[in-house]
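Below: one structure, written as structure tokens.
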Amino acid sequence: MWDDGAWAPLPELPGDVEADVCVIGLGGSGLACVLELLALGRRVVGLDAGTVGGGAAGRNGGFLLAGLPAFYHQAAKDLGRDRAQAIYRRTMVELDRMTEETPEAIRRSGSLRIADDAIELHDCDAQLQMMLADRLPAEPYDGPEGRGILVPTDGAFNPLQRCRALARRALAGGARLFEQSAAITMRGDLVRTVRHGVHCSSVIVAVDGGLERVLPELAPRVRTARLQMLATAPVLDLDLPRPVYRRWGYEYWQQLPDRRIALGGLRDRSGDGEWTDVARSTDAVQRGLDRVLRDQLGVTAPVTHRWAGAVGYSANGLPVVDEVRSGVWAMGGYSGTGNILGALCGRGVAQLAVTGRSELLSELWSPA
Ligand SMILES: Cc1cc2nc3c(=O)[nH]c(=O)nc-3n(C[C@H](O)[C@H](O)[C@H](O)COP(=O)(O)OP(=O)(O)OC[C@H]3O[C@@H](n4cnc5c(N)ncnc54)[C@H](O)[C@@H]3O)c2cc1C
């Protein structure tokens, strides 16, 4: 649905090459990392097992929500208020930076959290009160979508368009990027694909869904789940100016500028079979999404696309950022909200790998 068909495929890794840093995974996080490494003057090789943005980064819901996966008041309870607030502000700054970087792909429309019942409305109020007390942008909302919270600074985007724009910029900046080049083994000075190798001084693994398959030592900390979506033909009799996050975030939709609806969710009602990295849609979940589309939104337009993607859920709700082997850094596990967090971590891990420190990750990462 996000694909405009204008991508010229990149070559496979053609032989043994040398670089300062090898980045594995060319989604939003890996590409943010590549660009930061270039800015730090490093020679970069990037490998993707599939295509640029072919993972979750190019097939997601397109929401740009500041903060952590947990709602703000919950994050404050879990992490302490100062830390939760500092992380929230970092993601707001990152979203501003992303908007400046690829303005063609991003709309700063604001976002809605809409309550499904009185209990959730009460929770929305608790979130709102804490955000207001901490001077974060939020307002009460009561409109055609329902009642809840409006976060006026959030946004929406075409995630694949942004990935491709970042990749083109990285190529123009001197990065060597290769598609269809899966990393099979990796240590700090060598990454091997089936046929060739990248000799380097450090490696950064930027894989969200399937991270524990690529680096099995992360299995206790991250688990992969499948998320599913559908999209419709243009809906002319509905006007949704902002993305909607409803029923504790388990149902979400947005209307694109061309009036198509993209809708996803139901992870809570999908059963254990959705703990998988197989990015294929299933009848059971898609039937549920159809019901949300028809019964809740009242949309009758035909469904044109159905798809799935894999994402990593972390055990503690914070992204995984770590040097997991000597010279091998890993990031992922954004628990379903990696569009801003992934960019932040990508840039932060680039700084950590090169300089040993990163202000960007002050609240998200601490040395072992
Ligand atoms: C349906 C769906 C809806 C979502 N909605 C939202 C949303 O609205 N807002 C939000 O913030 N987040 C959302 N997410 C989550 C978000 O998409 C992800 O957290 C984020 O895109 C992760 O980006 P990434 O670059 O870290 O990882 P990925 O996009 O998964 O990229 C990793 C890349 O690594 C490659 N790779 C894997 N293994 C190897 C290997 N061995 N060698 C080389 N390359 C390899 C893959 O091919 C892939 O291209 C959603 C996800 C899905 C699936």
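For this chain, numbers begin at 1 and follow the sequence in order. Just follow the structure's listing: the first ligand is 1, and inside any ligand the first atom is 1.
Checked against a 3.5 angstrom limit, the closest N/O atoms of G61 and ligand 1 fall inside it. Inclusion of A182 in the set of residues having an N or O under 3.5 Å from an N or O of ligand 1 is not warranted. Between V207 and ligand 1, no pair of N/O atoms sits closer than 3.5 Å. Polar contact check, V311 against ligand 1: no nitrogen or oxygen pair lies under 3.5 Å apart. Among the atoms of A308, none of the N or O lies under 3.5 angstrom from an N or O of ligand 1. Annotation: G53 places no N or O atom under 3.5 Å from an N or O atom of ligand 1; distance criterion only. Distances between N or O atoms of A56 and those of ligand 1 include at least one value under 3.5 Å.
Close contacts of ligand 1 with G50, meaning ligand atoms under 4.0 Å from a residue heavy atom, involve 47 (O). Close approach of ligand 1 to G309 (heavy-atom distance below 4.0 Å) involves ligand atoms 53 (C). Residue-ligand proximity, F63 to ligand 1, at heavy-atom distances under 4.0 Å covers atoms 7 (C), 8 (O), 9 (N), 10 (C), 11 (O). Atoms of ligand 1 lying under 4.0 Å from at least one heavy atom of G62, given by number and element, are 8 (O).
Ranking the protein heavy atoms by distance from atom 52 (C) of ligand 1 puts L227 CD1, 3.7 Å first. Nearest protein heavy-atom contact of atom 4 (C) of ligand 1 is N60 CB, 3.1 Å. Annotation: atom 19 (O) of ligand 1 to nearest protein heavy atom, D208 OD2, 2.7 Å. Here the heavy atom of the protein found nearest to atom 16 (C) of ligand 1 is G338 N, 3.9 Å. In terms of protein heavy atoms, atom 29 (O) of ligand 1 is closest to A57 N, 2.7 Å.
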Original post:
Which is it for Q286 and Q228 under the side chain to side chain donor-acceptor pair (under 3.5 Å) test, yes or no, and what are the steps along the way?
Top reply: CA-CA 7 Å; Q286 291 291 327; Q228 301 199 32; 3.1 Å; yes
Subject >> Worked check of side chain to side chain donor-acceptor pair (under 3.5 Å) between R213 and T224 >> reply: CA-CA 9 Å; R213 181 176 36 76; T224 295; over 6 Å; no
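At least one side-chain heavy atom of L215 sits less than 4.5 Å from a side-chain heavy atom of M186. Side-chain contact between L263 and V299: absent, with no pair of heavy atoms (C-beta onward) separated by less than 4.5 Å. Counting heavy atoms from C-beta on, the side chains of V349 and L361 come closer than 4.5 Å. With contacts defined as side-chain heavy-atom distances shorter than 4.5 Å, the pair L230/L293 qualifies. Within the 4.5 Å cutoff, side-chain heavy atoms of E120 are placed close to those of D117.
Heavy-atom proximity to atom 41 (N) of ligand 1, evaluated over A156, G25, A183, is greatest for A183. Ranked by closest heavy atom to atom 43 (C) of ligand 1, the top entry among A49, G27, G264 is A49. Of the candidates G55, A206, G58, it is A206 that places a heavy atom closest to atom 32 (C) of ligand 1. Counting only non-hydrogen atoms, the option in A225, G210, G336, G209 that gets closest to atom 14 (N) of ligand 1 is G336. With distances taken over non-hydrogen atoms, the option nearest atom 35 (C) of ligand 1 out of I184, I24, L31, D48 is D48. The residue from T337, V214, L215, N339 that puts a heavy atom closest to atom 38 (N) of ligand 1 is V214. When C22, S29, G342 are checked for heavy-atom proximity to atom 23 (O) of ligand 1, S29 turns out nearest.
The shell of residues lying under 4.0 angstrom from ligand 1, judged by heavy atoms, includes Y252. For the ligand labelled ligand 1, residue G332 lies outside the 4.0 Å heavy-atom shell.
For H122, the NE2 atom counts as loosely surrounded, since its 6.0 Å shell holds 12 or fewer non-hydrogen atoms of other residues, nucleotides or ligands. The neighbour count for E104 CD, taken as heavy atoms of other residues, nucleotides or ligands under 6.0 Å away, is above 12. The number of heavy-atom neighbours closer than 6.0 Å to CZ of R147, taken from other residues, nucleotides and ligands shown, is 12 or below. By the neighbour-count criterion of 12 heavy atoms within 6.0 Å, atom CZ of R294 is densely surrounded, having more than that number from other residues, nucleotides or ligands.
Y313 and L318 fall into different hydrophobic clusters, defined by Ile, Leu, Val, Met, Phe, Trp and Tyr side-chain heavy atoms under 4.5 Å apart, directly or through other members. Hydrophobic clustering (ILVMFWY, side-chain heavy atoms < 4.5 Å, transitive): V203 and V45 are in one cluster.
Ring centroids of W307 and W2 are separated by 6.0 Å or more, keeping the two rings apart.
Between the side chain of Q255 and the main chain of L238, a donor-acceptor pair closer than 3.5 Å is present.
Ring geometry for Y245 versus F63: interplanar angle of 30 to 60°, hence tilted.
Contacts between Y334 and ligand 1 below 4.0 angstrom, taking non-hydrogen atoms only, involve the side chain exclusively. Contacts with ligand 1 closer than 4.0 Å are made by no heavy atom of R226, backbone or side chain.
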